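First the structure, in the form of structure tokens, and then the observations on it.
Chain letters run A, B, ... following the sequence lines, proteins first and then strands; every chain starts at 1. Every value quoted in this text rests on a predicted model; they were computed, and no experiment measured them.
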Amino acid sequence: MNFIEEVKWRGMLHNIMPGTEEILKEKNVAAYVGIDPTADSLHIGHLVGVMLLKHFQIAGHQPIALVGGATGMIGDPSGKSAERNLLTIETIRHNQEKIKTQLAKFLDFSEDKENKALMVNNYDWMSKFSFLDFIRDVGKHISVNYMIAKDSVKKRMNSSDDKDAEGLSFTEFSYQLVQGYDFLHLYKEHNCKLQMGGSDQWGNITTGTELIRRMLQGKAYALTSPLITKADGGKFGKTEKGNIWLDPEKTSPYEFYQFWINTSDADAEKYLKIFTVLNKEEIENLVNEHNEAPHTRILQKTLAEKLTTMVHGKDAYDTSVSASQILFGKGTKENLQSLDEKTFNDIFSGVPHFNINKNSLEEGINIFDLLAEQTQVFKSKGEIRRLIKDKGLSLNMEKFTNPDEPVKSEHLINDKYLVIRQGKKKYSIIITE
RNA sequence: GGGGGGAUUCCGGAGCGGUCAAACGGGGCAGACUGUAAAUCUGUUGGCAUAGCCUUCGGAGGUUCGAAUCCUCCUCCCCCCA
């Protein structure tokens with residue numbers, strides 16, 4: 001199956017420039033996706049672009065990940081209503097390194113591979129460009145009329161249409177030109193004929209193809225993916241805690257696994273197509289299986305398995321599964337007590353920890369002081385009071401219903417831990433020392 | 001430069017001298033139902049204390065027994081005219 005057909009059935013194709021499919025009939029074509037190094041980790045929102053590259057490489061072509069060191073210093077106005085904060089070069093370099101390690105989990109960078117993945121940083125060529133040279137050699141070829149016709153710019157210019165819009169600085173206005181030049185540079189240096197990205201990048205990409213046409217009389221192509229949505233209209237990839245990161249320090253493997261497990265039925269098939277490399281038949285079988293027995297949540301489990309294994313490895317996946325079984329299965333106090341320390345720590349490694357002095361429990365401590373003062377499990381005592389009233393608080397897997405009941409040393413699991421649960425899903429543990 | 005409108009609790013948005021911790025909707029949280037899904041229903045959603053108290057309605061002052069509500073000044077936003 002060729003690349004275009006592949007992304008098409010996966011629902012990853014939004015817009016494509018005529019001729020793209022033909023050019024991809026050639027062997028080993030290069031294409032790139034830009035990644036902003038705004039943090040030192042990718043988050044799952046980046047994964048669509050990464051998967052585009054992965055499928056591209058699987059199809060026998062060469063994927064290039066462009067880290068936007070230069071563009072990251074500017075800030076893409078697309079889809080944003082306010083000016084962006086700027087990054088320093090040190091930060092960008094640091095971020096680039098971390099991101100490359102993560103990309104290596106998806107793309108094959110090995111030297112001996114004919115279509116090995118590449119990673120480049122546009123800071124490396126843009127930083128050598130003087131302002132004068134840039135506006136003379138590049139700016140000359142694109143008219144302002146062309147640039148302001150782009151949606152991303154237009155939206156920010158008509159601030160009256162959108163009361164949140166802030167206008168845009170010259171810096172942001174220049175963004176598309178700088179990105180366009182990236183494409184031109186890769187076209188020249190790596191014979192890169194295609195740029196891919198989210199549908200919000202269409203305008204920026206076409207500035208690049210236009211620049212290539214005018215400056216080099218070359219022909220370059222564009223392909224975009226739809227922005228990922230959730231069936232309930234919420235933002236994909238966010239939880240109340242923010243982004244889901246690939247970095248285990250930022251999002252623990254357990255939380256990562258839980259994110260995918262919690263995918264709604266309405267989204268699961270779509271996500272399987274986008275985020276895994278399972279083929280059409282495999283996914284169809286899973287969907288059938290799911291329809292037979294929805295409660296087994298085979299789609300969510302497969303999603304979580306594939307993604308967690310890919311990003312964090314088999315061991316982390318296994319731990320996440322067993323942790324989830326204890327935490328969401330018919331976990332009881334006895335289960336908790338039967339765990340050895342090592343297993344206990346593994347299971348709760350992804351759960352917020354709070355420390356407390358062991359002596360505080362000798363006399364018994366009331367639940368409010370314990371959870372809102374000695375520790376910050378909850379923000380206020382009122383919140384705890386409400387939770388208890390609503391039957392939403394558990395201590396060591398047992399409902400905590402009496403606000404006057406003191407917490408004592410006897411409650412400790414393994415003479416050391418308290419497991420606090422809010423509602424069904426949110427756990428915290430308190431460690432005495 | 002002239003004229004007008006506005007800033008309210010997470011968001012939107014009522015309130016226009018006491019009965020306002022502040023309607024209503026959204027969101028959040030919890031419960032029921034389930035499948036750690038969706039939908040639905042119920043409760044809850046400033047803080048502290050078990051009917052009370054304390055801090056909130058852009059900022060600073062003032063009037064009043066009493067203000068989110070009235071007055072003055074300030075800051076910021078929007079609209080119309082030049």
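Closest contact between the side chain of A:F328 and the listed nucleotides B:U36, B:A30, B:A37 involves B:U36. The side chain of A:R386 lies closest to B:U45 when the candidates are B:U36, B:U45, B:G35. For A:K391, the side-chain atoms get nearest to B:G31 when compared with the rest of B:G31, B:G35, B:A37. Closest approach to the A:Q422 side chain among B:G43, B:A38, B:C29 is made by B:C29 (side chain taken as heavy atoms from C-beta onward).
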Can you tabulate the close N/O pairs, meaning under 3.5 Å, that link protein atoms to atoms of nucleotides 20-23 of chain B?
none

So which protein N/O to nucleotides 32-34 of chain B N/O distances come out below 3.5 Å?
residue : atom : partner : partner atom : Å
B:U34   : O4   : A:K424  : NZ           : 3.4

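Partners of A:S41 by side-chain contact (heavy atoms from CB on, under 4.5 Å), not counting sequence neighbours, listed by chain and number: A:Q102, A:W245, A:L246, A:D247, A:K250. With sequence neighbours excluded, the residues forming a side-chain contact (heavy atoms from CB on, under 4.5 Å) with A:K416 are A:E341, A:I431, A:T432, listed by chain and number. Partners of A:D340 according to the salt bridge (charged side-chain N to carboxylate O under 4.0 Å, His left out) rule, which considers only residues two or more places apart in sequence or in another chain, do not exist here. With sequence neighbours excluded, the residues forming a ring-ring contact (aromatic ring centres under 6.0 Å, His included) with A:F129 are A:F134, A:Y181, listed by chain and number. For A:K140, there are no salt bridge (charged side-chain N to carboxylate O under 4.0 Å, His left out) partners, not counting sequence neighbours. Remark: A:F56 pairs with A:F3, A:H61 by the ring-ring contact (aromatic ring centres under 6.0 Å, His included) rule, at least two apart or across chains.
Atom C1' of B:C74 sits at a distance of 29 Å from the matching atom of B:C65, rounded to the whole Å.
Below 30°, between 30° and 60°, or above 60°: for A:F256 and A:W260 the angle between ring planes is above 60°, a perpendicular geometry.
Within residues 367-385 of chain A, the residues that have a heavy atom under 4.0 Å from RNA chain B are, in order of number, A:S380, A:K381, A:G382, A:R385.
Taking the nucleotide of RNA chain B with the nearest heavy atom to each of A:Q258 and A:K389, the more 5' of the two is matched to A:Q258.
Residue pairs meeting the salt bridge (charged side-chain N to carboxylate O under 4.0 Å, His left out) criterion with at least one member in residues 88-102 of chain A, sequence neighbours excluded, are A:R93-A:D124.
For B:A38, neither phosphate oxygen OP1 nor OP2 lies less than 4.0 angstrom from any side-chain nitrogen or oxygen of A:R297.
Remark: side-chain polar atoms of A:H46 are paired, donor with acceptor, to backbone N or O of A:H43 under 3.5 angstrom.
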Distance-only check: which donor-acceptor pairs under 3.5 Å involve side-chain atoms of residues 287-294 of chain A, not counting sequence neighbours?
residue : atom : partner : partner atom : Å
A:N288  : ND2  : A:E284  : O            : 3.4
A:N291  : ND2  : A:V287  : O            : 3.4

Exercise answer: donor-acceptor pairs, residues 397-405 of chain A side-chain atoms, under 3.5 Å, sequence neighbours excluded:
residue : atom : partner : partner atom : Å
A:K399  : NZ   : A:K391  : O            : 3.4
A:N402  : OD1  : A:D404  : N            : 2.9

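Remark: the A:Q300 side chain and the B:U36 base include no donor-acceptor N/O pair separated by less than 3.5 Å.
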